[in-house]
Amino acid sequence: VPKISALGSPDYNPDAKFYKVEAILRPWRIPQVSSALLKMGIRGVTVSDVRGFGAQGGLTERQAGSEFSEDNLVAKVKMEIVVSKDQVEAVVDKIIAEARTGEIGDGKIFLVPVSDVIRVRTGERAEKAERMVGGRSDMSSSVSPA
Ligand code: ATP
Ligand code: GLN
């Protein structure tokens with residue numbers, strides 16, 4: 001009898017040293033989120049203007065009784081932040097604290113494992129490339145001066 005390899009517990013979520021925190025948020029909350037991240041030592045962030053629909057779009061659909069059109073797409077901002085695994089929860093908590101209103105449309109956060117980080121200028125990889133001067137790991141390892 002051949003083994004059926006699709007059964008069992010395949011690792012769909014491989015452990016990684018780095019994760020991309022990908023947050024889809026309300027545009028008007030971005031300045032607040034960015035400055036809070038900066039204060040906690042997050043120095044590398046990429047932001048894009050995007051449009052999408054979630055529960056908010058579904059609500060519009062039910063009310064209007066029509067299919068999605070471009071008009072149902074709501075302007076959002078996507079923030080992408082690659083951090084070491086041990087920094088993920090702190091970043092996620094901070095984003096929630098600064099971006100949440102409690103209303104439908106606050107957004108969603110995806111955690112994406114990242115295989116490697118390469119700094120273009122130096123060719124550095126992994127921890128050396130992910131680490132930022134004056135960043136979160138510098139902050140936590142530095143002994144406060146007398
Ligand atoms: P260098 O010391 O060569 O400047 P760096 O690590 O500071 O390297 P930049 O080249 O300044 O990186 O970064 C270019 C762009 O890459 C940034 O503007 C930002 O959009 C993005 N970026 C850098 N690091 C991260 C990160 N950890 N997560 C998400 N985006 C990042
Ligand atoms: N983990 C990096 C550090 O501690 C910061 C990563 C980032 O700013 N996205 O230096």
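All values below come from the heavy atoms of this structure, side chains included, with hydrogens, waters and symmetry mates left out. These figures come from a predicted structure and were not determined experimentally. Numbering of ligands and ligand atoms starts at 1, following listing order.
With atom 6 (O) of ligand 1 as the reference point, the heavy atom nearest to it among M79, R131, R119 is part of R119. Heavy-atom proximity to atom 16 (O) of ligand 1, evaluated over T122, V117, T46, is greatest for T46.
The presence of a protein heavy atom under 4.0 Å from atom 12 (O) of ligand 1 is ruled out. Distance screen at 4.0 Å: atom 3 (O) of ligand 1 has a protein heavy-atom neighbour inside the cut-off. Taking a distance limit of 4.0 Å, we find that atom 18 (O) of ligand 1 is approached by no protein heavy atom.
Cluster membership for V114 and M132, using ILVMFWY side-chain heavy atoms within less than 4.5 angstrom, is not shared. Each of I24 and V92 belongs to its own hydrophobic cluster when Ile, Leu, Val, Met, Phe, Trp and Tyr are linked at side-chain heavy-atom distances under 4.5 angstrom. Note on L25 and I96: same hydrophobic cluster, where clusters join Ile, Leu, Val, Met, Phe, Trp and Tyr whose side-chain heavy atoms are under 4.5 Å apart, directly or indirectly. Taken together through direct or relayed side-chain contacts under 4.5 Å among Ile, Leu, Val, Met, Phe, Trp and Tyr, I95 and Y19 form part of one hydrophobic cluster. In the hydrophobic clustering of ILVMFWY residues, with side-chain heavy atoms under 4.5 Å counting as a link, V117 and I42 come out apart.
Residues S137 and Q87 are in side-chain contact: their nearest non-hydrogen atoms beyond the backbone lie under 4.5 Å apart. When side chains are defined from C-beta on, E80 does not count as touching V21, because their heavy atoms never get closer than 4.5 Å. Between M40 and K94, some side-chain heavy-atom pair lies under the 4.5 Å cut-off.
Under the side-chain contact (heavy atoms from CB on, under 4.5 Å) rule, V88 has a single partner from D93, I109, L111, which is L111.
Of all the atoms in ligand 2, the ones that sit under 4.0 Å from a non-hydrogen atom of G135 are 10 (O). Atom numbering of ligand 1 starts at 1 in the shown order; those under 4.0 Å from a heavy atom of M132 are 6 (O), 7 (O). Within ligand 1, counting atoms from 1 as listed, the ones closer than 4.0 Å to a heavy atom of I81 are 28 (N), 29 (C). Atoms of ligand 2 lying under 4.0 Å from at least one heavy atom of R136, given by number and element, are 3 (C), 4 (O), 10 (O). Every atom of ligand 2 is numbered from 1 in the order shown, and the set under 4.0 Å from a heavy atom of I81 is 9 (N).
When all heavy atoms of D106 and A99 are compared, the closest pair comes out as OD1-O, 4.0 Å.
For ligand 2, the polar-atom distance check against G44 finds a nitrogen or oxygen pair separated by under 3.5 Å. Where the criterion is an N or O separation shorter than 3.5 Å, residue side chain and backbone included, R131 fails it with respect to ligand 2. Between A129 and ligand 1, no N or O atom pair is found at a separation short of 3.5 Å.
In this structure, the protein non-hydrogen atom closest to atom 26 (C) of ligand 1 is G44 O, 3.4 Å. In this structure, the protein non-hydrogen atom closest to atom 27 (N) of ligand 1 is V82 O, 3.0 Å. In terms of protein heavy atoms, atom 8 (O) of ligand 2 is closest to R43 N, 2.7 Å. Of the protein's non-hydrogen atoms, M132 N, 2.9 Å is the one closest to atom 10 (O) of ligand 2. If you check which protein heavy atom lies closest to atom 29 (C) of ligand 1, you get E80 O, 3.2 Å. Scanning the protein for heavy atoms near atom 1 (P) of ligand 1, the closest one is R121 NE, 3.5 Å. The shortest contact between atom 3 (C) of ligand 2 and any protein heavy atom is with S137 OG, 3.3 Å. In terms of protein heavy-atom proximity, atom 1 (N) of ligand 2 is closest to E130 OE2, 2.4 Å.
Checking side-chain atoms of R26 against main-chain N and O of G107 turns up no donor-acceptor pair under 3.5 Å. In this structure a side-chain-to-backbone donor-acceptor pair under 3.5 Å is present from R119 to K128. Under a 3.5 Å cut-off, the side chain of R131 and the backbone N or O of A126 do not form any donor-acceptor pair.
Only the side chain of Q87 comes within 4.0 Å of ligand 2, counting heavy atoms alone; its backbone N, CA, C and O stay farther away. At a heavy-atom cutoff of 4.0 Å, ligand 2 is contacted by the backbone of V82 but not by its side chain.
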Does the pair T122 and E124 meet the rule for a side chain to side chain donor-acceptor pair (under 3.5 Å), with working shown?
-> CA-CA 5 Å; T122 58; E124 292 166 305; 2.8 Å; yes
